[in-house]
Participant: 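Input: one structure, supplied below.
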Amino acid sequence: MEIASKYSPAEVEGKWYEYWMEHKLFASKPDGREAYTIVIPPPNVTGVLHMGHVLNETIQDILVRRARTEGKNACWVPGTDHASIATEAKVVNRLAQQGIKKADLTREEFLKHAWAWTEEHGGIILKQLRRLGCSCDWDRTSFTMDEKRSESVIKVFCDLYNKGLIYRGVRMVNWDPKALTALSDEEVIYKEEHTKLYYMKYYVADCTEADDKAWTKELETQAEGGNVIHKDAKGYYAVVATTRPETVMGDVAMCINPADPKNRWLSGHHVIVPMKGRVIPVIEDDYVEIEFGTGCLKVTPAHDVNDYMLGEKYNLEAIDIFNDDATLSEAAGLYVGQDRFEVRKQIAIDMQDAGLMEKIEDYDNKIGCSERTGVPIEPKLSMQWFLKMEHLAEIALKPVMDDDIKFYPVKYKNTYRHWLENIKDWCISRQLWWGHRIPAYYLPTGGFVVAETAEKALELAKEKTGNKNLTSSDLRQDEDALDTWFSSWLWPISLFDGINNPGNEEIRYYYPTADLVTGPDIIFFWVARMIMAGYEYEGKMPFRNVYFTGIVRDKLGRKMSKSLGNSPDPIELIEKFGADGVRMGMMLSAPAGNDILFDESLCEQGRNFNNKIWNAFRLVQGWQVDGTAKAGDCQKKAVEWFAALLREKNAEMKDLYGKYRLSEALMLVYNLFWDEFSSWYLEMVKPAYGQPIDKETYDATIRFFDALIKMLHPFMPFITEELWQHIAERKEGESIMTETLTMDAPSDKDAKTVEEVEQLKALITAVRGIRAQKNISPKETLTLQVTAGDPLAAYAAVTMKMANISSIDTVNQKDDTAATFLVGTTEYAVPMGNLIDVEAETAKLVAEQQRLEGFLAGIEKKLGNERFVANAPAAVVEMERKKKADAESKIAAIKESLKKLGK
RNA sequence: GGACGAAUAGCGCAGCUGGUUCAGAGCAUCUGCCUUACAAGCAGAGGGUCGGGGGUUCGAAUCCCUCUUCGUCCACCA
């Protein structure tokens with residue numbers, strides 16, 4: 001059968017994925033085997049595959065497939081996340097394009113649109129995962145808002161409420177004026193921006209005659225370290241620096257530091273809010289930084305977290321001057337209905353015109369922005385639901401600190417600890433419709449009940465009010481939905497229905513899951529909270545190991561983004577290089593925790609490797625097998641060596657997997673296949689053209705090939721499955737995927753064999769090097785001379801074949817015209833006849849001699865150092881002595897050779 | 001402003017508790033080859049003194065201090 005010289009992924013990938021699906025090879029049910037579970041970090045239901053997913057999912061697939069080769073019952077559960085803000089925003093946008101405003105729809109109507117959108121776009125990403133070869137148990141596909149998951153969320157909400165961990169209250173929250181919802185602290189990202197610092201005049205409202213006299217005097221003396229008093233035609237004034245002049249309408253006080261000498265004169269006075277004209281008190285608190293701005297702080301409790309704290313402390317009124325969309329409200333009294341940023345510009349102009357602006361400076365500031373919509377968040381007082389975190393943080397900290405749950409890389413333990421130790425209550429309500437609706441029901445008489453269903457709520461309501469005549473229409477369910485992460489944090493439990501159906505067979509079998517693979521950006525959002533929920537609801541960790549991937553960047557180190565256009569479409573890459581090639585390209589440069597600089601050329605390398613495997617197979621597959629022939633010495637030695645090498649490398653692989661050093665594991669098997677197997681082993685056993693191969697060697701080669709593709713399978717599932725069918729007697733329904741890879745541990749003898757062959761390779765390479773230097777064709781046969789005691793004598797047949805040597809002669813005297821070289825301390829010589837270039841050969845030897853003499857001098861110096869000999873361990877000293885002896889004998893050999901050359 | 005991490009061949013990286021894997025593989029580069037498995041390949045070669053400085057030690061890429069540069073996270077300086 002003629003096989004193409006180039007591997008064509010497109011022809012095999014689809015076929016095998018179908019085969020795996022058809023035979024339910026990814027499916028898992030609890031059984032007697034050890035479970036290996038991964039739950040997918042659910043991508044947004046309406047998302048599409050990007051390079052970050054490719055990295056993440058490839059790693060998970062490698063781990064899952066590896067677990068299968070170890071004989072474990074591997075279960076990878078896929079699913080998607082409803083991503084409330086992101087999805088709702090997309091739906092709102094689409095409706096807007098159709099001329100529909102969300103405000104004009106009822107909740108039910110809106111949700112109908114949202115579900116339609118979800119069905120239209122949902123699951124695209126899951127289909128794309130199949131192209132990548134992901135071996136998820138698709139029958140288990142879940143959605144954070146499907147029935148079971150929703151039920152779990154509501155149950156947990158009620159439970160936490162009943163435990164007193166959930167409360168409702170008016171607090172300062174992060175308000176997203178675009179999405180019109182509160183956000184958790186984690187959803188706020190800070191961006192550096194160039195802004196202005198406005199210095200505004202607050203005239204003193206209550207300047208007495210005595211004040212005037214005293215201040216006038218101080219103004220004249222201008223004493224160092226004394227009051228800094230401002231006065232103009234309109235009177236005395238304080239200067240307040242702010243980045244947000246538009247909030248002056250909400251000012252209820254001015255605050256100075258009691259220890260601030262500059263502003264002592266203002267103590268106990270009142271000042272007039274510019275533009276607004278309201279008279280406000282000057283209060284004193286050491287929260288105010290003396291050195292910042294003028295040391296005077298305007299206090300706007302409704303619009304700043306810290307001002308809010310001051311407001312609480314000094315019992316100040318909070319005037320909310322913004323509407324939900326961050327336009328100015330009636331309460332502002334000025335600029336009503338205008339946007340906050342327009343007002344900022346306008347009020348600055350107006351103040352300047354009114355002589356109320358002292359100056360404006362440039363200022364670099366950090367602005368908190370909504371993670372989803374990108375708009376600057378507005379600190380806002382509002383009624384929200386919160387989850388107390390103290391207890392949950394406590395139960396989640398210890399297991400990570402104690403390494404019950406291991407983080408890879410470990411540096412994230414610090415990050416984790418710091419967050420948990422400084423945690424604040426979690427704002428879990430969102431003013432959105434797309435999500436799990438909060439199961440709180442308000443009573444007509446005030447107050448509320450929390451219950452899993454409307455029916456139960458009614459019962460509770462009757463009890464609470466004592467009114468038996470209440471009907472469900474008297475109750476009004478809370479309009480808010482829950483934060484998306486309030487469902488994601490249950491994912492490892494809810495996927496196995498452990499909330500609704502505690503202690504069921506599946507949760508007992510699959511939980512705790514084995515490994516979690518995710519990005520460090522969601523360590524707080526998701527990882528930490530899953531750990532909390534895991535201990536709260538299962539009493540156990542949700543996963544044993546967390547593998548944090550890096551961020552995928554382009555080769556210039558920039559984040560991949562749509563706007564930069566530097567993010568390749570994974571599906572296009574797969575079409576170009578094959579899924580196996582893309583997977584390998586991704587893994588080649590993806591050590592845990594480091595950012596990945598992705599470059600298409602890595603996929604090319606992956607594709608080339610596929611081709612290499614393919615061609616190695618073509619070679620083996622084309623051999624004629626002679627059942628009666630005996631294996632030659634060369635073949636025997638080769639088989640013996642490669643068997644030893646495989647055992648060693650397999651053990652190394654195991655170690656690397658254990659440390660989650662997957663790129664190194666891939667590199668190892670890449671070298672093993674390409675260099676050791678293809679370049680060395682196959683060349684050793686390869687029969688002469690047109691000749692058959694003996695059965696013994698052939699069978700061994702097939703066994704090796706089989707082991708190699710099994711080692712490769714987790715990384716490159718498609719090509720390995722394709723080739724496995726040709727070398728194994730596969731029955732319908734069987735797959736390389738479910739084959740276990742068993743191999744003996746390497747022995748000391750293996751180590752010795754491998755080491756000998758390393759020397760042998762050095763010998764062969766040296767001969768080839770001589771050919772390259774002297775321009776001797778590989779086809780031209782040479783002879784080799786060695787002085788007595790050749791340690792590689794047992795491999796003579798291999799040497800002769802690989803270096804094209806006709807005879808290896810043990811001699812006392814090397815040929816005068818030989819090119820010589822050393823392997824270890826053994827000197828070899830290749831007689832060159834008239835091909836020898838005496839000058840070049842001499843130069844080479846002299847250089848080598850000089851190098852060795854330098855080396856020797858270093859060692860002698862070391863050994864001459866009494867303190868070294870006295871203090872260093874005996875083994876180290878012994879080693880140095882051996883090095884010295886070796887160097888000396890090498891130098892002697894070179895001198896001998898030089899003499900032969902007449903130098 | 002804190003905390004953490006990183007700096008090793010042209011590039012992206014590995015080098016665990018100091019001395020035989022010690023200066024490493026991969027890609028790239030250079031030279032020679034279309035040798036009938038593979039030019040998406042084969043054979044061979046060059047290249048770094050381990051960010052700077054100081055210290056500990058018989059001995060430092062490895063431990064300590066310091067500086068520089070980058071990155072990440074956290075933080076209420078309006």
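Here the structure is a predicted model, which is why all the values come from computation and not from measurement. Chain letters run A, B, ... following the sequence lines, proteins first, then strands; residues in each count from 1.
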Participant: Given Watson-Crick or G-U pairs with both distances under 3.5 Å, what dot-bracket string fits RNA chain B, with | for other-strand pairs and [ ] for crossing?
Facilitator: (((((((..((.(.....[....).)).(((((.......))))).....(((((..]....))))))))))))....
Participant: Measure from CG on A:D304 to P on B:C76 and round the result to the nearest Å.
Facilitator: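 After rounding, the gap between these two atoms is 11 Å.
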Participant: Which one, B:A78, B:G19, B:A37, comes nearest to the side chain of A:Y689?
Facilitator: B:A37
Participant: Hey, does A:V876 reach any base, or is it just sugar-phosphate, or nothing, if we go heavy atoms under 4.0 Å?
Facilitator: base
Participant: Have a look at A:V288 and say if it touches a base, only the backbone sugar-phosphate, or nothing, with a 4.0 Å heavy-atom cut-off.
Facilitator: base
Participant: Are OP1 or OP2 of B:C77 and a side-chain N or O of A:N306 less than 4.0 angstrom apart?
Facilitator: no
Participant: Side chain of A:W674: nearest nucleotide among B:G41, B:G19, B:G26?
Facilitator: B:G41
Participant: Please compare A:Q605 and A:M879 by the position of their nearest nucleotide in RNA chain B and report the one closer to 5'.
Facilitator: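 Here A:M879 is the residue nearer the 5' end.
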Participant: Select base, sugar-phosphate, or nothing to describe what A:K883 touches, counting heavy atoms under 4.0 Å on all strands.
Facilitator: nothing
Participant: Counting any heavy atom closer than 4.0 Å, what does A:L597 reach on the DNA or RNA strands: base, sugar-phosphate only, or nothing?
Facilitator: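 Sugar-phosphate contact only.
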Participant: Kindly state which residues belonging to residues 757-768 of chain A come within less than 4.0 angstrom of RNA chain B, counting heavy atoms of the residue only, listed by number.
Facilitator: A:T765, A:R768
Participant: Side chain of A:F292: nearest nucleotide among B:A37, B:C77, B:G44?
Facilitator: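 The listed nucleotide nearest to A:F292's side chain is B:C77.
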Participant: Using the C1' atom as the reference point in each nucleotide, state the distance between B:A14 and B:U57 in Å, no decimals.
Facilitator: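 About 26 Å, rounded to a whole number of Å.
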Participant: What's A:R771 touching, base or sugar-phosphate or nothing? Going by heavy atoms closer than 4.0 Å.
Facilitator: nothing
Participant: Just call it for A:E186: base, sugar-phosphate, or nothing, with non-hydrogen atoms closer than 4.0 Å on any strand.
Facilitator: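 Nothing, no heavy atom under 4.0 Å.
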Participant: B:G5 and B:A60: how far apart are their P atoms, nearest whole angstrom?
Facilitator: 25 Å
Participant: Identify the pairs formed between an N or O of the protein and an N or O of nucleotides 71-74 of chain B at a distance under 3.5 Å, and give each distance.
Facilitator:
from: B:C74; atom 1: O2'; to: A:H418; atom 2: ND1; distance (Å): 3.4

